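Since the structure is predicted, the reported quantities are computational estimates derived from the model, not experimental observations.
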Amino acid sequence: MSNLLNSVCHFALPVFPEPSASIHHRMLMLSGLLRGVVDLEPHRTGRVPRHVLWMPHRHLLLAGTRCPRPAMLNEAADTAANVGLDIIIVRDEIDQSFDLHTSFDIRMEDEKRWRCGYYLWLGEDERLYLLPDEHRPGGLRVLPLGFVVVDRTPYANPTDWDEGLKRANAQLNRLAWER
């Protein structure tokens, strides 16, 4: 995999804006929750733009923005496709009640499509998922070496949905204090 990133660059790298400190912090907290080694400067290879993190053992890139969707989707898709990796965009969103929350846009290289507006959800059994909102089925189960598509949601009702979101956020906050 490192040979892939170290090979000669044959495309123009897109420009990713520098994420705000809070978004960059969320990117790092997500990497901790995903339990992977992070290369904080993969742009040195010439294959990945500045301000993008690389998790080599997970075959994953992480980018982040406060810009609303669809900002960065094309640039992220091009970058991920050119190096053959999955990518997640960490995105701040403000909902209709003006609450700030973090969502994730995921593009798995083998699917070649975006899964936008997903949320971290942690089960009582410590299984981590990236799920669409509570009204859409399916999602991604987070495993040590990647993601598995799930057809059914791991929660039974809206209360379970809320509790899983709270557990995931608590885990992210716990990681923030440990770093």
Side-chain angles (χ1 to χ4, degrees), residues 1-2 4-6 9 11 13-93 100-122 128-132 139-149 165 168-179:
M1 182 55 62
S2 63
L4 178 65
L5 286 182
N6 290 325
C9 183
F11 63 95
L13 292 176
V15 176
F16 283 72
E18 183 174 4
S20 67
S22 64
I23 288 287
H24 190 259
H25 185 73
R26 284 183 186 82
M27 291 165 62
L28 292 172
M29 294 308 98
L30 176 63
S31 71
L33 199 54
L34 296 175
R35 295 182 174 92
V37 176
V38 178
D39 182 343
L40 299 174
E41 296 181 333
H43 62 275
R44 292 172 294 155
T45 66
R47 301 280 293 163
V48 177
R50 278 185 98 65
H51 313 302
V52 175
L53 306 180
W54 176 38
M55 298 180 71
H57 294 87
R58 293 193 66 85
H59 307 287
L60 178 66
L61 298 173
L62 297 176
T65 186
R66 281 191 167 164
C67 298
R69 214 168 273 109
M72 289 180 48
L73 291 177
N74 291 334
E75 296 88 345
D78 290 346
T79 298
N82 282 316
V83 295
L85 300 173
D86 299 340
I87 191 164
I88 295 177
I89 300 174
V90 178
R91 195 179 295 272
D92 271 351
E93 291 187 341
L100 179 67
H101 58 269
T102 303
S103 69
F104 305 90
D105 299 337
I106 306 121
R107 183 179 171 95
M108 297 187 322
E109 182 55 27
D110 59 342
E111 284 190 337
K112 308 264 190 260
R113 70 179 181 93
W114 281 103
R115 293 172 176 267
C116 293
Y118 277 49
Y119 302 94
L120 278 174
W121 190 90
L122 185 62
L128 184 64
Y129 294 83
L130 285 159
L131 300 174
L140 301 171
R141 170 123 183 258
V142 179
L143 296 174
L145 296 177
F147 306 104
V148 173
V149 176
L165 293 177
N169 284 326
Q171 190 78 345
L172 280 174
N173 290 335
R174 184 187 60 77
L175 287 171
W177 286 106
E178 290 177 1
R179 290 193 181 230

Rounded to the nearest 0.5 Å, what separation is found between the CZ atom of Arg26 and the CZ atom of Arg66? 7.0 Å
Closest heavy-atom contact between Thr45 and Val48? OG1-N, 4.0 Å
Non-hydrogen side-chain atoms of Met108 and Arg113 separated by less than 4.5 Å: no
Apply the test side-chain contact (heavy atoms from CB on, under 4.5 Å) to residues Asp39 and Arg44: give CA-CA distance (whole Å), side-chain angles for both, the deciding distance (0.1 Å), then the verdict. CA-CA 10 Å; Asp39 182 343; Arg44 292 172 294 155; 3.1 Å; yes
Quick one: CD1 on Ile89 to CD1 on Ile87, what's the gap to the nearest 0.5 Å? 6.0 Å
Is Val52 close to Glu75 at the side-chain level, that is, under 4.5 Å between some pair of heavy atoms? no
Below 4.5 Å, heavy atoms only, C-beta onward: do Pro19 and His51 meet side chain to side chain? yes
If you round to the nearest 0.5 Å, how far is OH of Tyr129 from CG of Leu143? 8.5 Å
Search all heavy atoms of Ala80 against all heavy atoms of Leu61 and return the closest pair with its distance. CA-CD1, 4.3 Å
State the CZ-CG distance between Arg141 and Leu131, to the nearest 0.5 angstrom. 11.5 Å
Can you tell if the side chain of Leu73 reaches within under 4.5 Å of the side chain of Cys116, non-hydrogen atoms only? yes
Between Arg91 and Ala71, is there a donor-acceptor pair closer than 3.5 Å when you use the side chain of the first and the backbone of the second? yes
Closest non-hydrogen atom pair, Met72 against Ala63: CE-CB, 3.8 Å
Taken in chain and number order and not counting sequence neighbours, the residues that satisfy side chain to side chain donor-acceptor pair (under 3.5 Å) with His43 are Arg50
Does Asp86 reach the main-chain N or O of Glu109 with its side chain, forming a donor-acceptor pair under 3.5 Å? yes
Roughly how far, to the nearest 0.5 Å, is OG1 of Thr102 from NE2 of His25? 10.5 Å
Answer yes or no for Arg58 and Phe147: cation-pi contact, defined as NZ/CZ to six-membered ring centre under 6.0 Å and angle to ring axis within 45°. yes
Those residues that, when tested against Leu40, pass side chain to side chain contact (heavy atoms under 4.5 Å, CB included) (two or more places apart): Leu28, Val38, Leu53
Show the nearest heavy-atom pair for residues Phe16 and Thr79, with the distance to one decimal. CE1-OG1, 3.5 Å
Flag the pair Trp54 / Leu85 as yes when at least one side-chain heavy-atom distance between them is below 4.5 Å, and no otherwise. yes
So, taking the atom named OG1 in Thr65 and the one named CG in Asp105, what distance separates them when rounded to the nearest 0.5 Å? 10.0 Å
Taking every non-hydrogen atom, the tightest pair across Tyr119 and Ser103: CE2-CB, 3.9 Å
Across all chains, not counting sequence neighbours, the side chain to side chain donor-acceptor pair (under 3.5 Å) partners of Glu41 are none
Residues Leu128, Leu120; criterion side-chain contact (heavy atoms from CB on, under 4.5 Å); working and verdict: CA-CA 7 Å; Leu128 184 64; Leu120 278 174; 3.9 Å; yes
